[in-house]
Amino acid sequence: MEKLDNLVVSSSPHLRSGADVEKMMWHVNLALLPAILLSVYFFGFRALAIIILSIAAAVVTEGIIQKATGKEVLIADGSAVVTGLLLGLNMPVHVPLWLPVIGSVFAIAVVKQAFGGLGSNFMNPALAARAAMLAAWPVHMTSYAVPFVDGITHATPLSILSGAAHGELPSYLDLFIGNVGGVIGETSALALLAGGVYLFVKGVIDWRTPTGFLGTVFILTWIFGGNAGLFTGDPLYHLLAGGLMLGAFYMATDYVTSPVTKKGRLLMGIGAGAITVMIRLWGGYPEGVTYGILLMNIATPLLDRYTVPRIYGTVRK
Amino acid sequence: MGRLTFQGGVHPIYRKEITNDRPITPIPAPAQVIIPLQQNIGAPPEPLVAVGDLVKVGQKIADTEAFVSAPVHASVSGKVVAIENRLSPIGKEVPAVVIESDGQAIPLEDLQPYPALEEMSPDDLRRAMREGGLVGMGGAMFPSHVKVTAPQGKKFELVIINGSECEGFLTCDHRIMLEWTDDVIYGTRALMKVTGVEKAYIGVEANKQDAIDILREKLGAEEGIEVKPLEVKYPQGAEKQLIKALTGREVPSGGLPVDVGCLVQNVGTTATFARYLKTGMPLVDRVVTVSGSSVKNPGNYLVKIGTSFGYILDYCGIIGEPKKLISGGPMMGVAQITPEVPVVKGTSGILLFDKKDVPVGEARPCVRCGKCVDVCPVYLLPVYLMDYTLKGMLHRAEEYHILDCIECGCCSYTCPSRRPLVQTIRMGKADVLARRKKRQ
Ligand code: SF4
Ligand code: SF4
């Protein structure tokens, strides 16, 4: 039996599904490819430069910090790439090129690694960095470009809709394919939706968060969004405009900063949707997706605590 | 209509095709058997023989007065050469009787078949169960006569024969349903008689259509017993999940199947009971699936209790670079450090895997993906149970029903960060129980 003298002993189960965080992260990156391509098409190669810079800064920062703190260097796990990519997609095309770099360093160093790295951060790094950049450099962060048009505008479909800016409202079709002003990655609902469906099919994201998010925005803007009284809003417009698709499919679904329970994930979407609408309709900013998600990130431990499922063999109290 | 099922669970690789068409084949008795005295949950039996005694096949070699226990019998004829501690496949050193076989396989003279079912009372049958050394052969090794005894004030309404065999690789129950079909049916009748119920279901996962067909054919118009195809999903064969799938009812937390009127018995145990009644030969052998990438001649073998894994693997042949030896199935089985451990009544499988089939990969931090929550068939939050156990927050772990975990391993199986979930939860359960005891 000498063949059997170096057996390994480990706990059951002795099989693994093969699911892997790394693979999931790369699925997310892949899902955003259409949005990247369209942003380059609409905004030119400067958009690509911004995306590449923010990804590179995120990955390098993560590597340096992991090395310096003596942790395993896990930059290949794709999570820093996701953060950099999402942040890049959240920048207007005309920001100075140092801004995405600073943003990514902030996202990784302050929001992610200072709290212990992947899994321990309580806010979505890309979103928190976006909010910080917005506060520090409001002008850079809200000077949008309109595709194929030289020059800069502060007008986005949403700011026009809310009356904060003047201009002609773009058509649904332009909104859908992304031929509108805004940050580079949020403009094309089509590309983002396609990637979202891909992530759902691959089992990376749960349908509950995006559905709750989009559904809530749809219903609330329909009821309260119009000027002519209740139920006169334009919910479709609100769905397609701004950062909603990007937020609902790629950022509200961030594992680390959203609930682990099914009900919690639904509430995450509904809550973020409600806050988004409140800010869009009655708040000081034309866009509320970022803050909607960040506030729900903070509420996540509570959501987990109060949505514990009914255990098999027990009666719900 | 969808197949009967439960919520949660996973679809691991099954690989049953390796052995599911290999008929049950006896393996010659080894020169020596190691028979642990305790092969049941409950009280340990005391030895009835001494070193130097001559024993015959079927002779009782250990028993006790305690109710929750089951006797063990000699599986070969020959001489008792030692009564000492030996490693068992549950990973512990336990007292065992070592018998050197005389190669004659002489059965004990006074073993008699039991009378026909009609002539026996439920109590007779219950006594027979105990005398035959019957315990749950699906792995749990709970004494069968205890299981069929309803506690004061409770009543059985339904007998469920568990033929789901949801673990991968294992096919022994499948073969038993195909080859010992009459025994399965006879045993089911016997269980219905013991418990005084009129209705029985035989639950079989839909990937064993041939077993479903032959059971239905042999049952014919027989009243009371129905074959129920189940969705192929792990852990379909776990008692509580099986009851949910078949009846829609849930066993109360901390309770027993009898609380919802059910008796669940594995097909192997059921058929073995029938064979005992028909021949008078107690539980001295069992069907074991031997499979895995390092086994040359995988199959379903009829093996004497007490035969060492090493003997069986030698008989079947070893190929490649074996790295992991498992007693039981790949999801809940126990990895063995040595092939010297013996087959016991609950050994359903012996799996030997090549180096290339042993998953590697370091655990990474939890990313809170919630996949473990989605698959838990008890609807627990494994990620929090692990966290609370590691942080020593046992009150929280208890509040989150850690004791309801059935240790099916779905959470660990599915975790993309390869966290040791069930392993940690198992520790947590022990800690919580210890804490409870201390408080009392
Ligand atoms: S499956 Fe693993 S990574 Fe996901 S929540 Fe559970 S423990 Fe964490
Ligand atoms: S927590 Fe327990 S019951 Fe739930 S999946 Fe994990 S091992 Fe199975």
Side-chain angles (χ1 to χ4, degrees), chain A residues 1-25 71-72 74 77 79 116-122 203-206 208-209 253-265 268 300-301 304-305 307-315, chain B residues 10 12-13 168 240 244 250-255 310 313-314 318 322-326 330-339 351-353 358-359 361 364-371 373-374 377-381 383-384 400-401 404 407 409 412-418 420 422-423 426:
Chain A
M1 288 273 104
E2 69 289 347
K3 276 191 129 178
L4 295 181
D5 54 12
N6 63 352
L7 296 169
V8 293
V9 175
S10 62
S11 163
S12 61
H14 307 287
L15 293 174
R16 297 283 174 167
S17 65
D20 188 276
V21 173
E22 241 163 76
K23 274 187 227 160
M24 293 175 167
M25 293 293 172
K71 286 196 220 157
E72 198 184 345
L74 295 173
D77 72 8
S79 70
L118 183 64
S120 305
N121 51 297
F122 69 95
V204 177
I205 61 171
D206 186 4
R208 290 177 180 82
T209 309
T253 55
D254 173 28
Y255 292 150
V256 178
T257 55
S258 62
V260 298
T261 64
K262 290 176 189 162
K263 213 187 272 171
R265 287 182 218 140
M268 166 92 197
T300 287
D304 270 355
R305 182 89 179 111
T307 58
V308 176
R310 181 192 69 86
I311 308 298
Y312 175 108
T314 62
V315 184
Chain B
V10 295
I13 49 161
K240 293 178 172 184
K244 176 87 183 184
E250 288 187 358
V251 179
S253 165
L313 288 167
D314 254 353
I318 298 171
K323 194 76 194 168
K324 200 178 224 181
L325 174 61
I326 296 165
M331 290 296 286
M332 286 184 84
V334 182
Q336 304 296 318
I337 196 156
T338 158
L351 306 178
L352 187 63
F353 289 104
V358 177
R364 292 274 172 84
C366 167
V367 293
R368 295 178 38 87
C369 66
K371 305 255 175 228
V373 177
D374 293 348
V378 190
Y379 328 146
L380 300 168
L381 303 182
V383 46
Y384 279 98
Y400 275 41
H401 284 267
D404 284 74
E407 300 179 22
S412 296
Y413 169 82
T414 206
C415 174
S417 288
R418 299 178 287 270
V422 60
Q423 202 178 341
R426 222 180 270 137

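Chain identifiers are assigned alphabetically (A, B, ...) following the order of the sequence lines, protein sequences preceding nucleic acid strands; residue numbering begins at 1 within each chain.
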Undergrad: Please check this pair: side chain of Ser17(A) against backbone of Tyr413(B), looking for a donor-acceptor N/O pair closer than 3.5 Å.
TA: yes

Undergrad: I'd like to know which of Ser11(A), Gly18(A), Ser10(A) tops the heavy-atom pair count under 4.5 Å against chain B.
TA: Ser11(A)

Undergrad: Where on Val251(B) is there a heavy atom nearer than 4.5 Å to chain A: the side chain, the backbone, both, or neither?
TA: both

Undergrad: Could you look at Thr338(B) and say if it's the side chain, the backbone, both or neither that has a heavy atom under 4.5 Å from chain A?
TA: backbone

Undergrad: So which part of Val422(B) gets closer than 4.5 Å to some heavy atom of chain A, the side chain, the backbone, both or neither?
TA: side chain

Undergrad: Taking side chain as everything from C-beta outward and backbone as N, CA, C, O, which of these in Val10(B) sits under 4.5 Å from a heavy atom of chain A? Side chain, backbone, both or neither.
TA: neither

Undergrad: Testing the basics here: between Thr261(A) and Val373(B), what is the closest heavy-atom pair and its distance to 0.1 Å?
TA: CA-CG1, 4.5 Å

Undergrad: Looking at every heavy atom in both Leu381(B) and Pro309(A), which two are closest together, and how far apart are they?
TA: CD2-CD, 3.5 Å

Undergrad: Determine, step by step, whether Asp304(A) and Arg368(B) satisfy the side-chain contact (heavy atoms from CB on, under 4.5 Å) criterion, reporting the C-alpha distance in whole Å, the side-chain angles of both residues, the deciding distance to 0.1 Å, and the verdict.
TA: CA-CA 11 Å; Asp304(A) 270 355; Arg368(B) 295 178 38 87; 3.1 Å; yes

Undergrad: Could you check if a side-chain atom of Arg426(B) sits within less than 4.5 angstrom of a side-chain atom of Ser12(A), using non-hydrogen atoms only?
TA: yes

Undergrad: Checking Tyr384(B) against chain A: side chain, backbone, both or neither under 4.5 Å from a heavy atom?
TA: side chain

Undergrad: Looking at Arg364(B) and Asp77(A), does any basic side-chain N land under 4.0 Å from a carboxylate oxygen?
TA: no

Undergrad: Among the options Val334(B), Val367(B), Thr414(B), pick out the one with the most heavy-atom pairs lying under 4.5 Å from chain A.
TA: Val367(B)

Undergrad: Please flag which part of Gln336(B) lies under 4.5 Å from any non-hydrogen atom of chain A: side chain, backbone, both or neither.
TA: backbone

Undergrad: Checking Ser79(A) against chain B: side chain, backbone, both or neither under 4.5 Å from a heavy atom?
TA: neither

Undergrad: Rounded to the nearest 0.5 Å, how far apart are CG of Leu118(A) and SG of Cys366(B)?
TA: 9.0 Å

Undergrad: Using heavy-atom distances under 4.5 Å, tell me whether Pro420(B) contacts chain A through its side chain, its backbone, both, or neither.
TA: neither

Undergrad: What part of Val378(B) gets closer than 4.5 Å to chain A, counting heavy atoms only: side chain, backbone, both or neither?
TA: both

Undergrad: Of the non-hydrogen atoms in Tyr379(B) and Arg310(A), which two are nearest, and what is the gap between them?
TA: CD1-O, 3.1 Å

Undergrad: Taking Cys415(B), Ser417(B), Gly333(B) one by one, which has the highest count of heavy-atom pairs under 4.5 Å against chain A?
TA: Gly333(B)

Undergrad: Testing Ser412(B), Pro330(B), Pro12(B) one by one against Pro13(A) for a side-chain contact (heavy atoms from CB on, under 4.5 Å), which residue passes?
TA: Ser412(B)

Undergrad: Taking side chain as C-beta onward, heavy atoms only, is Asp374(B) less than 4.5 Å from Lys262(A)?
TA: yes

Undergrad: What part of Met332(B) is in contact with chain A, defined as an atom under 4.5 angstrom from a non-hydrogen atom: side chain, backbone, both or neither?
TA: backbone

Undergrad: Just so I know, are the side chains of Leu352(B) and Leu4(A) near enough to count as touching, which here means a heavy-atom distance under 4.5 Å?
TA: yes

Undergrad: Of the non-hydrogen atoms in Ser253(B) and Thr314(A), which two are nearest, and what is the gap between them?
TA: CB-CG2, 3.5 Å

Undergrad: A side-chain contact here means heavy atoms from C-beta on lying under 4.5 Å apart; do Glu22(A) and Pro416(B) qualify?
TA: no

Undergrad: Can you tell which of Lys324(B), Glu407(B), Gln423(B), Lys371(B) has the highest number of heavy-atom pairs within less than 4.5 Å of chain A?
TA: Lys324(B)

Undergrad: Rounded to the nearest 0.5 Å, what's the gap from CD1 on Ile205(A) to SG on Cys369(B)? Could you check?
TA: 13.5 Å

Undergrad: Could you tell me whether the side chain of Leu351(B) reaches within less than 4.5 Å of the side chain of His14(A), counting heavy atoms only?
TA: no

Undergrad: Between Lys323(B) and Asn6(A), does a side-chain contact (heavy atoms from CB on, under 4.5 Å) hold up when you go through it step by step?
TA: CA-CA 7 Å; Lys323(B) 194 76 194 168; Asn6(A) 63 352; 3.8 Å; yes

Undergrad: Which atom names give the shortest non-hydrogen contact between Lys240(B) and Tyr312(A), and what distance separates them?
TA: O-OH, 2.5 Å

Undergrad: Taking only residues two or more places apart in sequence or in another chain, which ones pass side-chain hydrogen bond (donor to acceptor under 3.5 Å, both in side chains) with Lys244(B)?
TA: Glu250(B)

Undergrad: Please report the closest heavy-atom contact between Arg16(A) and Pro359(B), naming both atoms and the distance.
TA: CG-CB, 4.1 Å

Undergrad: Distance check, rounded to the nearest 0.5 Å: Arg418(B) atom CZ versus Asp20(A) atom CG?
TA: 5.0 Å

Undergrad: How many angstroms lie between atom CG of Leu15(A) and atom CD1 of Ile326(B), to the nearest 0.5 angstrom?
TA: 7.5 Å

Undergrad: Under a 4.5 Å heavy-atom cut-off, does chain A meet the side chain of Ile337(B), its backbone, both or neither?
TA: both

